[in-house]
Amino acid sequence: MSNIFDDTMPDLSAFLFGKSEQTLILFKHFVNEYQKIAPVTLHPAKTMIGIANDHRRIAWVTQLGRNFVHIVFPFKQEYPDNLCFQKIAQVPGDAHQFNHHFRMYNAEDVNEEVLRFMQMAYEDE
């Protein structure tokens, strides 16, 4: 498996530059956990990092805080019965996209419930 964090992605390096060690550890842990589910690629954009399978973006890292990583999963329906999402919001003008917001403070936050949602996002529900 190639290193998803290699230095050939200058946009990713720029996005991660100056972030705390804790935040970088959390970010890498999250991506590595996704890699255990199935291969993913990173797609840095201007304000976020897309995480994709072969067909589409399956999650977005929208914020790398001082001690957390904020990730958004776009699902086709709302999953209100959970303990991991701090917010679920329907995308305005899109009846079929519900963004599920997950904030990770510790590696242990990627628990069985989160892994199940990660798998669902990868498989497009």
Side-chain angles (χ1 to χ4, degrees):
M1 179 187 319
S2 65
N3 181 0
I4 197 165
F5 303 106
D6 66 20
D7 292 333
T8 62
M9 293 182 68
D11 291 342
L12 181 61
S13 296
F15 205 93
L16 299 177
F17 180 77
K19 302 302 178 192
S20 72
E21 182 179 347
Q22 171 69 10
T23 298
L24 295 175
I25 289 169
L26 292 174
F27 174 70
K28 289 181 178 183
H29 176 73
F30 181 81
V31 174
N32 286 332
E33 290 299 305
Y34 238 131
Q35 291 286 74
K36 291 178 185 176
I37 294 170
V40 294
T41 55
L42 301 178
H43 299 270
K46 192 175 219 176
T47 61
M48 61 186 73
I49 301 169
I51 299 174
N53 62 17
D54 289 340
H55 309 293
R56 65 181 186 81
R57 303 291 189 273
I58 56 175
W60 297 94
V61 176
T62 60
Q63 190 176 5
L64 296 166
R66 191 181 55 137
N67 64 343
F68 67 88
V69 176
H70 191 89
I71 300 133
V72 175
F73 294 94
F75 287 115
K76 293 177 184 174
Q77 67 182 45
E78 189 175 7
Y79 293 102
D81 295 328
N82 70 78
L83 298 174
C84 59
F85 297 121
Q86 69 179 48
K87 177 173 119 178
I88 300 172
Q90 185 173 6
V91 174
D94 189 337
H96 302 289
Q97 185 173 337
F98 295 83
N99 287 344
H100 292 61
H101 296 256
F102 168 62
R103 187 160 285 191
M104 179 181 173
Y105 289 96
N106 301 292
E108 297 79 26
D109 291 343
V110 180
N111 57 27
E112 287 183 33
E113 180 182 44
V114 174
L115 289 167
R116 183 171 49 86
F117 282 111
M118 290 167 67
Q119 179 80 37
M120 288 170 57
Y122 188 88
E123 294 174 353
D124 195 22
E125 300 179 76

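Excluded from the calculations below are hydrogen atoms, water molecules and symmetry mates; all remaining heavy atoms, backbone and side chain alike, are included. Note that the structure is a prediction, hence the values are computed from the model and not measured.
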Say you draw a straight line from [atom1] of [X] to [atom2] of [Y]; how long is it, rounded to the nearest 0.5 Å?
X: Leu16; Y: Thr23; atom1: CG; atom2: OG1; value: 10.0 Å
X: Tyr34; Y: Thr41; atom1: OH; atom2: OG1; value: 11.5 Å
X: Phe27; Y: Asn32; atom1: CZ; atom2: CG; value: 9.5 Å
X: Leu26; Y: Asn106; atom1: CG; atom2: CG; value: 7.0 Å
X: Leu83; Y: Asn111; atom1: CG; atom2: CG; value: 8.5 Å

If every non-hydrogen atom of [X] is compared with every non-hydrogen atom of [Y], which pair is closest and at what distance?
X: Val40; Y: Gln35; result: N-OE1, 2.7 Å
X: Phe30; Y: Met104; result: CB-SD, 4.0 Å
X: Gly50; Y: Trp60; result: CA-CE3, 3.4 Å

Exam field: side chain [X] to backbone [Y], donor-acceptor pair closer than 3.5 Å:
X: Asn53; Y: His55; value: yes
X: Tyr122; Y: Ile58; value: no
X: Gln119; Y: Ile37; value: no
X: Ser20; Y: Arg66; value: yes

Side chain to side chain contact (heavy atoms under 4.5 Å, CB included) assessment of Val69 paired with Tyr105:
CA-CA 7 Å; Val69 176; Tyr105 289 96; over 6 Å; no
Would a 4.5 Å heavy-atom cut-off, applied to side chains only, mark [X] and [Y] as touching?
X: Arg57; Y: Ile51; value: no
X: Val72; Y: Phe102; value: no
X: Lys28; Y: Val31; value: no
X: Phe73; Y: Ile71; value: yes
X: Phe68; Y: Gln22; value: no

Before giving the answer on side chain to side chain contact (heavy atoms under 4.5 Å, CB included), spell out for Ile88 and His101 the whole-Å C-alpha distance, their side-chain angles and the decisive distance to 0.1 Å.
CA-CA 6 Å; Ile88 300 172; His101 296 256; over 6 Å; no
Does a donor on one side chain and an acceptor on the other come within less than 3.5 Å for Gln63 and Arg103?
yes
A quick test of your reading: do over 12 heavy atoms of other residues, nucleotides or ligands sit less than 6.0 Å from CD of Gln86?
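Counting other residues, nucleotides and ligands, CD of Gln86 exceeds 12 neighbours.
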Same hydrophobic cluster for Met48 and Leu64, using side-chain heavy-atom links shorter than 4.5 Å among ILVMFWY?
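The answer is no; the residues belong to distinct hydrophobic clusters.
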same_hphob_cluster(Ile49, Ile25) at 4.5 Å side-chain heavy-atom cutoff:
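The answer is no; the residues belong to distinct hydrophobic clusters.
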Checking side chain to side chain contact (heavy atoms under 4.5 Å, CB included) for the pair His70/Val61: CA distance, chi angles, key distance, verdict?
CA-CA 6 Å; His70 191 89; Val61 176; over 6 Å; no
If the plane angle is over 60° it's perpendicular, under 30° parallel, otherwise tilted; pick one for Phe85 and His100.
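Aromatic pair Phe85/His100 classed perpendicular.
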Report the relative orientation of the aromatic rings in Phe75 and Tyr79; use parallel for angles under 30°, tilted for 30 to 60°, perpendicular for over 60°.
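Correct class here is perpendicular.
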Pair up each side-chain donor or acceptor in residues 92-99 with any protein partner under 3.5 Å, not counting sequence neighbours, and list the distances.
residue : atom : partner : partner atom : Å
Asp94   : OD1  : His96   : N            : 2.9
Asp94   : OD1  : Gln97   : N            : 3.4
Gln97   : NE2  : Asn99   : OD1          : 2.8

Results of salt bridge (charged side-chain N to carboxylate O under 4.0 Å, His left out) for Glu33 - residues two or more places apart only
Lys36
Yes or no on side chain to side chain contact (heavy atoms under 4.5 Å, CB included) for Val114 and Asp109, after CA distance, side-chain angles and deciding distance?
CA-CA 8 Å; Val114 174; Asp109 291 343; 5.9 Å; no
